A.B. asks: 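One structure, pasted below without further comment.
Just so you know, these numbers come straight off a predicted model, no measurement behind them.
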Amino acid sequence: MELILVRDGATCIWCARPFRGQAVPTTDHLVPRVKGGPSWIENEVAACRGCNRLRGHTSPVDWLAECQRHGWAPDAERVVKVLRELEAAIAVRGGQRRARAYVERQLRRLAKL
């Protein structure tokens, strides 16, 4: 978790709340594990407990839209950055067939926004 907070900062990627008090940081898999997402740091982002729980297995693009509907300030640039880092990690490490396709779809959808 500490490496993720250093990389991403001490705010929730989805609601932008700083991590203190009730906003407890958790590790959220950007590509959900049920969608083939690996437990690699390149696939993990810092999210408050509430956002992580509410998001469940929702795709990053769909969850960004949901956060915006709630009036939150999700960090779409950070989402793109982490997805690109994951894409690069998969290219180097190999495997992750399901996650690779998922990442490509998410990046295509984000490019249209």
Side-chain angles (χ1 to χ4, degrees):
M1 173 56 85
E2 287 183 35
L3 292 174
I4 295 167
L5 291 174
V6 168
R7 179 191 70 194
D8 296 344
T11 59
C12 176
I13 193 169
W14 306 117
C15 69
R17 289 191 318 169
F19 295 126
R20 62 176 176 258
Q22 296 294 327
V24 176
T26 63
T27 301
D28 187 9
H29 288 84
L30 204 51
V31 176
R33 301 222 28 224
V34 299
K35 303 289 185 179
S39 288
W40 300 348
I41 193 166
E42 294 90 354
N43 188 37
E44 297 174 349
V45 293
C48 70
R49 187 181 309 154
C51 287
N52 195 348
R53 181 181 46 78
L54 287 172
R55 178 179 171 225
H57 305 306
T58 306
S59 76
V61 175
D62 292 338
W63 188 243
L64 280 170
E66 183 65 23
C67 292
Q68 290 169 341
R69 278 193 289 277
H70 283 288
W72 304 337
D75 192 342
E77 288 180 22
R78 192 177 355 160
V79 171
V80 170
K81 178 182 175 251
V82 174
L83 283 171
R84 292 206 186 283
E85 288 174 3
L86 178 57
E87 182 178 51
I90 291 170
V92 169
R93 296 178 190 166
Q96 304 302 321
R97 187 178 71 218
R98 285 180 59 207
R100 180 182 302 126
Y102 188 93
V103 169
E104 290 170 359
R105 284 191 305 273
Q106 293 300 300
L107 287 169
R108 277 195 307 272
R109 289 180 66 196
L110 284 165
K112 293 178 183 179
L113 300 179

A.B. asks: If you measure from CG on Leu110 to CG on Leu64, what distance do you get to the nearest 0.5 Å?
C.D. replies: 6.5 Å
A.B. asks: Hey, what do you get for CD1 (Ile13) to CG (Asp28), rounding to the nearest 0.5 Å?
C.D. replies: 8.0 Å
A.B. asks: As an exercise, state the distance from CG of Leu3 to CE of Met1, rounded to the nearest 0.5 Å.
C.D. replies: 10.5 Å
A.B. asks: Using side-chain heavy atoms (C-beta onward) and a distance below 4.5 Å, is Asp75 in contact with Val79?
C.D. replies: no
A.B. asks: For Arg108, give me all partners under side chain to side chain donor-acceptor pair (under 3.5 Å), at least two apart in sequence or on another chain.
C.D. replies: none
A.B. asks: Is it the case that the side chain of Arg55 and the backbone of Leu30 share a donor-acceptor pair, with hydrogens and angles ignored and the cut-off at 3.5 Å?
C.D. replies: yes
A.B. asks: Can you confirm whether Leu107 sits close enough to Glu87 that some side-chain heavy atom of one is under 4.5 Å from a side-chain heavy atom of the other?
C.D. replies: yes
A.B. asks: His57: what forms a ring-ring contact (aromatic ring centres under 6.0 Å, His included) with it, not counting sequence neighbours?
C.D. replies: none
A.B. asks: Please name all residues satisfying side chain to side chain donor-acceptor pair (under 3.5 Å) with Arg109, sequence neighbours left out, ordered by chain then number.
C.D. replies: Asp62
A.B. asks: Think Arg93 forms a cation-pi with Trp40, using NZ or CZ under 6.0 Å from the six-ring centre and within 45 degrees of its axis?
C.D. replies: yes
A.B. asks: Minimum heavy-atom separation for Cys67 and Pro74, please, with both atom names.
C.D. replies: CB-CG, 3.8 Å
A.B. asks: Please give me the minimum heavy-atom distance between Gly95 and Ile90, naming the atom from each residue.
C.D. replies: O-CG2, 3.7 Å
A.B. asks: Give the minimum heavy-atom separation between Phe19 and Gly9, together with the two atoms involved.
C.D. replies: CE1-O, 4.4 Å
A.B. asks: Nearest 0.5 Å please: distance from the NE2 atom of His29 over to the CG atom of Asn52.
C.D. replies: 9.5 Å
A.B. asks: Provide the closest heavy-atom pair for Ala46 versus Asp8 in the form atom of the first, atom of the second, distance.
C.D. replies: N-OD2, 4.0 Å
A.B. asks: Side chains of Leu83 and Val31: does their closest heavy-atom pair fall under 4.5 Å?
C.D. replies: yes
A.B. asks: Tell me whether Asn43 contacts the main-chain N or O of Pro38 through its side chain, where contact means a donor paired with an acceptor under 3.5 Å.
C.D. replies: yes
A.B. asks: Using 30° and 60° as the class boundaries, would you call the ring planes of Trp63 and Trp14 parallel, tilted or perpendicular?
C.D. replies: perpendicular
A.B. asks: Do Tyr102 and Pro32 have side chains that get closer than 4.5 Å, going by heavy atoms?
C.D. replies: yes
A.B. asks: Could you pull out the closest heavy-atom pair between Glu42 and Arg7, with the gap in Å?
C.D. replies: CA-NH1, 4.2 Å
A.B. asks: Is Glu77 paired with Lys81 through a side-chain N to carboxylate O contact shorter than 4.0 Å?
C.D. replies: no
A.B. asks: So Arg78 and Thr11, do their side chains get closer than 4.5 Å, heavy atoms only?
C.D. replies: yes
A.B. asks: Does any N or O in the side chain of Gln106 come within less than 3.5 Å of the main-chain N or O of Val61, such that one atom is a donor and the other an acceptor?
C.D. replies: yes
A.B. asks: Could you give the distance from CH2 (Trp72) to SG (Cys51), rounded to the nearest 0.5 Å?
C.D. replies: 4.5 Å
A.B. asks: Main chain of Ala47, side chain of Thr26: is a donor-acceptor contact present, judged purely on distance under 3.5 Å?
C.D. replies: yes
A.B. asks: Give a yes or no on whether Val45 and Ile41 share a hydrophobic cluster (residues Ile, Leu, Val, Met, Phe, Trp, Tyr; joining criterion: side-chain heavy atoms under 4.5 Å apart).
C.D. replies: no
A.B. asks: Would you mind reporting whether Cys15 and Cys48 have side-chain heavy atoms less than 4.5 Å apart?
C.D. replies: yes
